[in-house]
Amino acid sequence: MKSLLFIIIWFSYSALASAQEVRVYFPIRTVHFDQSPEIAYVDNEGGDIGAVGSYRINHKARGFHEFSLGALRNSYGNLSVVALSGYGYRLGQFETSFNLGIASGYSILFSLPIQKLERITPDFMEELGLIPMGNLTMSFNLGKVSPLLVVSPAFINAGFVWRLR
């Protein structure tokens with residue numbers, strides 16, 4: 001476990017040293033597309049407590065590569081650690097990115113009878129409570145603090161981004 005922690009710290013330090021932009025996302029509200037009563041979402045559907053740090057490496061005039069790591073309360077009220085990577089584009093003050101990654105804290109999802117996720121994920125993901133993630137982000141740059149919308153196949157999450165560098 002110590003070696004894993006060392007690797008994460010070393011990777012984070014190395015990445016931040018080369019980052020041209022560092023940001024922290026704070027989620028505020030999540031709304032799910034599937035409102036089935038069988039799904040036991042937490043009282044407000046989660047996605048309201050936590051933070052996800054990101055660093056960006058700019059490419060050419062408008063493109064960027066983004067890496068994100070953070071922790072937040074998920075839809076079922078559990079702590080989720082998320083790790084994402086993706087590419088984005090700036091057009092004036094508007095920014096959008098597409099990210100793929102993984103999230104922990106979803107063991108309950110594999111026990112729900114209406115979910116078919118175990119058919120498409122490897123066994124180790126079910127055992128560890130991990131799910132694959134994909135999302136599209138949209139933001140309007142207002143300076144140090146900007147609104148951000150996260151759209152995934154399962155939910156829409158709104159929050160704000162604080163630009164540190």
Side-chain angles (χ1 to χ4, degrees), residues 5 7-36 39 41-106 109 117 120-121 125 129-165:
L5 184 59
I7 291 169
I8 291 171
I9 291 171
W10 176 255
F11 175 75
S12 300
Y13 174 77
S14 301
L16 288 173
S18 65
Q20 290 142 339
E21 189 175 336
V22 178
R23 313 158 13 122
V24 180
Y25 174 65
F26 298 96
I28 296 174
R29 177 78 168 105
T30 297
V31 176
H32 289 82
F33 299 120
D34 185 355
Q35 294 292 326
S36 301
I39 301 176
Y41 294 131
V42 73
D43 56 353
N44 64 353
E45 300 188 54
D48 59 336
I49 299 171
V52 178
S54 297
Y55 71 90
R56 289 180 172 176
I57 298 171
N58 296 322
H59 299 289
K60 303 199 180 181
R62 298 179 183 185
F64 56 87
H65 192 177
E66 186 170 56
F67 301 92
S68 304
L69 180 66
L72 47 88
R73 180 171 82 151
N74 68 23
S75 310
Y76 303 100
N78 300 324
L79 173 69
S80 267
V81 175
V82 297
L84 300 156
S85 179
Y87 289 94
Y89 188 77
R90 293 181 186 89
L91 186 58
Q93 291 181 286
F94 180 75
E95 296 178 352
T96 187
S97 67
F98 177 73
N99 301 280
L100 294 173
I102 197 162
S104 69
Y106 285 91
L109 191 63
L117 194 58
I120 63 168
T121 57
M125 291 182 76
L130 302 173
I131 63 168
M133 290 190 68
N135 64 42
L136 175 71
T137 68
M138 294 171 275
S139 178
F140 192 75
N141 189 352
L142 299 175
K144 279 286 214 195
V145 178
S146 300
L148 186 126
L149 193 64
V150 179
V151 181
S152 87
F155 62 83
I156 295 177
N157 179 276
F160 67 92
V161 170
W162 178 30
R163 293 178 196 333
L164 303 175
R165 170 172 39 158

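This chain uses plain numbering: 1 for the first residue, then up along the sequence. Keep in mind that what you see is a predicted model, and the values were worked out from it rather than measured. Hydrogens, waters and symmetry mates play no part in the numbers below; they use all other heavy atoms, side chains included.
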Name all residues meeting the side-chain contact (heavy atoms from CB on, under 4.5 Å) criterion together with [X]; count only those two or more places apart in sequence or in a different chain, and write none if there are none.
X: Leu100; value: Phe98
X: Leu164; value: Val22, Val24, Trp162
X: Ser68; value: Val52, Ser54, Glu66, Leu84

Problem - Trace of the side chain to side chain contact (heavy atoms under 4.5 Å, CB included) decision for Ile102 with Val81 - result: CA-CA 8 Å; Ile102 197 162; Val81 175; over 6 Å; no
Do you know the tightest heavy-atom contact between [X] and [Y]?
X: Asn157; Y: Pro27; value: OD1-CB, 3.6 Å
X: Ser139; Y: Pro147; value: OG-O, 2.9 Å
X: Thr96; Y: Phe94; value: CB-CE2, 3.9 Å

Practice task
Name all residues meeting the side chain to side chain donor-acceptor pair (under 3.5 Å) criterion together with Asn99; count only those two or more places apart in sequence or in a different chain, and write none if there are none.
Solution key: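 With sequence neighbours excluded, Asn99 shows a side chain to side chain donor-acceptor pair (under 3.5 Å) to Ser97, Asn135, given in chain and number order.
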Practice task
Not counting sequence neighbours, which residues clear ring pair (Phe, Tyr, Trp, His ring centres under 6.0 Å) with Phe26? List them please.
Solution key: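 Phe26: ring pair (Phe, Tyr, Trp, His ring centres under 6.0 Å) contacts with Phe160.
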Exercise for the section: Report the residues that fulfil ring pair (Phe, Tyr, Trp, His ring centres under 6.0 Å) with His65, sequence neighbours left out, ordered by chain and then residue number. Expected result: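 Partners of His65 by the ring pair (Phe, Tyr, Trp, His ring centres under 6.0 Å) criterion, ordered by chain and then number, come out as Phe67, Tyr87.
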Drop me the distance from [X]'s [atom1] to [Y]'s [atom2], to the nearest 0.5 angstrom.
X: His59; Y: Phe64; atom1: NE2; atom2: CZ; result: 10.0 Å
X: Arg73; Y: Leu79; atom1: CZ; atom2: CG; result: 11.5 Å
X: Phe140; Y: Gln93; atom1: CZ; atom2: CD; result: 4.0 Å
X: Asn78; Y: Leu72; atom1: CG; atom2: CG; result: 11.5 Å
X: Ile156; Y: Thr30; atom1: CD1; atom2: OG1; result: 10.0 Å

Exercise for the section: Give the C-alpha distance, both sets of side-chain angles, the deciding distance and a yes or no for side chain to side chain contact (heavy atoms under 4.5 Å, CB included) between Tyr25 and Val150. Expected result: CA-CA 10 Å; Tyr25 174 65; Val150 179; 4.0 Å; yes
Problem - Steps toward side chain to side chain contact (heavy atoms under 4.5 Å, CB included) verdict (Ser152, Met133) - result: CA-CA 8 Å; Ser152 87; Met133 290 190 68; 5.9 Å; no
Exercise for the section: Would you check if the side chain of Asn74 reaches a backbone N or O of Gly105 as a donor-acceptor pair within less than 3.5 Å? Expected result: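 Flag set: sc Asn74 to bb Gly105 pair under 3.5 Å.
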Handout entry: Glu95 (side chain) donor-acceptor with Arg90 (main chain) under 3.5 angstrom
Key =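 No, because the side chain of Glu95 does not come within donor-acceptor range (under 3.5 Å) of the backbone of Arg90.
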Exercise for the section: For residues Ser104 and Leu130, determine if any side-chain heavy atom of one lies less than 4.5 Å from a side-chain heavy atom of the other. Expected result: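 Side chain of Ser104 against side chain of Leu130, heavy atoms only: contact under 4.5 Å found.
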